[in-house]
Amino acid sequence: MSNVEAFFNSLQKMTNAPKLITDEGARAAYVSENNSRLPVSKPLAVIYPTCAEQVQKLTELANEHRISLVVRSSGGTESTRGASLPAEGTRCVAVNLSEMNRIMNIDPKNNMVLIEAGVTYGQLNEALRPYGLYCEHPLAPRAEKSVIASLLDREPVMTAKHIWDIPDPLCCMEMVMGNGTVFRSGSAAGPGTLDEMLESGCGINQSQGPVWLDLGRVITGSQGTLAIVTWASVKVRPIGSMSTLTYVQSDDINTLTAYVSMVVRQRLGEEAIILNRRGMAQVFGLACDAAMPKWTYISSVRGFRLFPERYMGNQLADMEDIAKEYGLTVLRELPGLSNEQVNTMLRDTSPKGGYWRQRYGKDVFELFCISTMDKLSSFSAYAETVATRCGLNPDDLCVYAQPTQMARCCHIEFLINADVKTADAMEALLGTVLLENHAFFSRPYGKLKKAIYETYADQQSFMPLIKLFFDENGLMNPRQLVYEGGNQ
């Protein structure tokens, strides 16, 4: 009997065994919507656990039988970057957490929720609406996107003024390490069981702990190579009793980013995003209007429980005063685009099959990094030059910039329609230029991954120790991150 057969037999003998699917068609379907440019392998089987105890037990069995695991928690079969699918040449069992979708606790007093890994943004915000709360999220995420998966991957949320640290709004979590050990971080570490802590009124909202340890910082961005997160606590915010939208447009990106930095740092507005002309068309499904200024800043202003009109009025007045200092104008609406359309994109998930990053189709080049706001101008110029050199029209380049951490840094993203060969060439050229100009790739994907890790050689030597500590048998999502100069 092979180790795979022995693992399946042991799994099926479990008390309260998870669903195990070994059907050839189901395994092929699991990787059928791989939208990345990276080749993947079919999983040996797909397991659907429904509770944390099942996850822990199957991880222990995987170590006993030396079976590699690759985890995903978002619904459906669509994978944007391929990190949740078995890498080419690997023999892995897929663990799908999408059926672990309980909202375990809603705490309006502390503005916290406790959710399992399969809970989606749409599901969570629907549950929070009666409480007057919402969960901050990235720009129009996929309808089936897991909240925890998104936050673990450090996808930037749109409310820059509320994001003080990299993991925000993610707080505590339960992790099943690659070696089968269960660890709870922050306030969730105890004392007592989770139910006992909730009954005592503990907010489960301090991410550091036990003592000052914060393993969440280690786990985020690891692409499933260290642990499986079964549940986590997430900060939520009041929706507000009233709101309005503001827009500032300019052909001069340096002036616009200076304005945005000042506005966010003075804690004005809520959501805050910057799009170029093609980005506006990409996100909102419009025809690209050459008459539109090249850059648009979109922000919402909300009024809350006490004196909402006065609060909004003061915010708007301050935004207008700052705009005048930079020779800009604050608009309340844009021609050809209704505020209702904008609110839908800011507050809702993308409809199924209508994810904004895939409006180009499946042949798309995507590259993103983190830098400071003042680098948006030069990085965009580099991207346009590279697009031209690769035979593409630079006017077709979508640029999306998301200020974060009180605008002290910024997520900068480029997308353009390109076949695989052209996209690979753009990734190599633009990635090299951005690395040379000190762009930080905190979420490395694709073929550029190796070059990124070689740039940070001092960290690369430390990573095998982290891998060995959490996943001593090297079973978690092999060949996704670089260890010891090669793919693990």
Side-chain angles (χ1 to χ4, degrees), residues 51-52 73 97 100-138 141 145-175 182-217 219-220 227-241 267 270-271 302 304-306 347 349 404-406:
C51 63
S73 48
L97 305 181
M100 291 178 57
N101 56 8
R102 288 187 306 139
I103 298 173
M104 303 162 67
N105 187 55
I106 297 177
D107 182 1
K109 179 180 178 181
N110 292 298
N111 284 355
M112 297 293 301
V113 293
L114 198 63
I115 58 174
E116 289 187 324
V119 172
T120 65
Y121 278 111
Q123 176 190 353
L124 179 57
N125 281 329
E126 185 66 28
L128 289 173
R129 194 168 290 117
Y131 296 88
L133 301 170
Y134 78 104
C135 179
E136 296 163 306
H137 54 77
K145 185 67 177 180
S146 157
V147 177
I148 290 178
S150 175
L151 296 178
L152 286 175
D153 199 32
R154 301 174 183 156
E155 288 195 79
V157 300
M158 291 181 289
T159 46
K161 75 177 188 181
H162 300 306
I163 304 305
W164 292 81
D165 203 355
I166 290 172
D168 282 344
L170 184 66
C171 291
C172 311
M173 61 186 83
E174 180 182 81
M175 297 164 270
V182 176
F183 187 91
R184 293 178 180 176
S185 69
S187 306
T193 66
L194 181 62
D195 289 339
E196 288 170 344
M197 286 187 287
L198 291 173
E199 288 175 9
S200 71
C202 179
I204 319 293
N205 56 5
Q206 172 56 257
S207 58
Q208 289 181 327
V211 193
W212 296 112
L213 178 68
D214 188 358
L215 283 188
R217 293 178 179 273
I219 298 302
T220 56
I228 301 173
V229 175
T230 57
W231 53 256
S233 61
V234 180
K235 301 173 188 175
V236 294
R237 297 200 53 78
I239 295 173
S241 56
R267 300 179 65 80
E270 297 292 325
E271 292 91 353
R302 299 189 186 191
F304 298 96
R305 184 168 59 90
L306 300 175
R347 299 187 181 184
T349 60
T404 187
Q405 295 183 48
M406 292 291 291

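All figures in this text were calculated on a predicted structure; none of them were measured in a lab.
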*asked:* Before you tell me yes or no, could you show the steps for Glu271 and Arg302 under side-chain contact (heavy atoms from CB on, under 4.5 Å), namely the whole-Å CA-CA distance, both residues' side-chain angles and the distance that decides it to 0.1 Å?
replied: CA-CA 10 Å; Glu271 292 91 353; Arg302 299 189 186 191; 2.7 Å; yes
*Yes or no on side-chain contact (heavy atoms from CB on, under 4.5 Å) for Leu128 and Ile106, after CA distance, side-chain angles and deciding distance?*
CA-CA 8 Å; Leu128 289 173; Ile106 297 177; 4.0 Å; yes
*asked:* Apply side-chain contact (heavy atoms from CB on, under 4.5 Å) to residues Arg154 and Ile166 and explain how you reach the verdict.
replied: CA-CA 7 Å; Arg154 301 174 183 156; Ile166 290 172; 4.2 Å; yes
_If you apply the rule side-chain contact (heavy atoms from CB on, under 4.5 Å), what do you find for Ile204 with Met112, and how did you get there?_
CA-CA 8 Å; Ile204 319 293; Met112 297 293 301; 5.7 Å; no
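Here the closest heavy-atom approach between residue Gln123 and residue Gly118 is recorded as OE1-O, 4.3 Å. Taking each heavy atom of Ser73 and Ala117 in turn, the nearest pair found is CB-O, 3.4 Å. Residues Asn110 and Asp107 share a closest heavy-atom pair of ND2-OD2, 2.7 Å. When all heavy atoms are compared, the tightest approach of Ala52 to Met100 is N-CE, 3.8 Å.
Under a 3.5 Å cut-off, the side chain of Ser200 and the backbone N or O of Met197 do form a donor-acceptor pair. Formation of a donor-acceptor pair under 3.5 Å by the Ser185 side chain with backbone atoms of Met173 is found in this model. A donor-acceptor contact shorter than 3.5 Å links the side chain of Arg267 to the backbone of Lys161. At distances below 3.5 Å, not a single donor-acceptor pair connects side-chain atoms of Gln208 with backbone N or O atoms of Asp214. Here the side chain of Ser233 pairs no donor or acceptor atom with the backbone of Asn205 at under 3.5 angstrom. Without hydrogens or angle criteria, Arg217 side chain to Pro167 main chain gives no donor-acceptor distance under 3.5 Å. The main-chain N or O of Phe304 is found under 3.5 Å from a side-chain atom of Ser241 such that the two form a donor-acceptor pair. In terms of modelled atom types and a separation under 3.5 Å, the side chain of Glu136 and the main chain of Pro169 share no donor-acceptor contact. Judged purely by atom type and a 3.5 angstrom limit, Asn125 uses its side chain to pair as donor or acceptor with the backbone of Cys135. No donor-acceptor pair under 3.5 Å is formed between the side chain of Arg184 and the backbone N or O of Gly190.
Here the CG atom belonging to Leu213 is positioned 10.5 Å from the OG atom belonging to Ser207, to the nearest 0.5 angstrom. Here the CG atom belonging to Asn111 is positioned 7.0 Å from the CZ atom belonging to Arg237, to the nearest 0.5 angstrom. Between the SG atom of Cys51 and the CZ atom of Arg102 there is a distance of 8.5 Å, given to the nearest 0.5 Å. Distance OG/Ser146 to CG/Asn101: 10.0 Å, rounded to 0.5 Å. Separating the CD1 atom in Ile115 from the CE atom in Met104 is a distance of 10.0 Å, to the nearest 0.5 Å. With rounding to the nearest 0.5 angstrom, the CG atom of Leu124 is 12.0 Å from the OH atom of Tyr134.
Here the side chains of Thr349 and Thr120 are not in contact, with every heavy-atom distance at 4.5 Å or above. When side chains are defined from C-beta on, Ile219 counts as touching Leu152, because their heavy atoms get closer than 4.5 Å. Under the 4.5 Å side-chain criterion, counting only non-hydrogen atoms from C-beta, Leu194 is in contact with Trp231. Lys145 is listed as a side-chain neighbour of Glu155, based on a closest heavy-atom distance under 4.5 Å.
Each of Val147, Leu114, Val119 was evaluated against Ile103; a single residue qualifies, Val119, per the side chain to side chain contact (heavy atoms under 4.5 Å, CB included) test.
A side-chain N or O of Glu270 and one of His162 form a donor-acceptor pair less than 3.5 Å apart.
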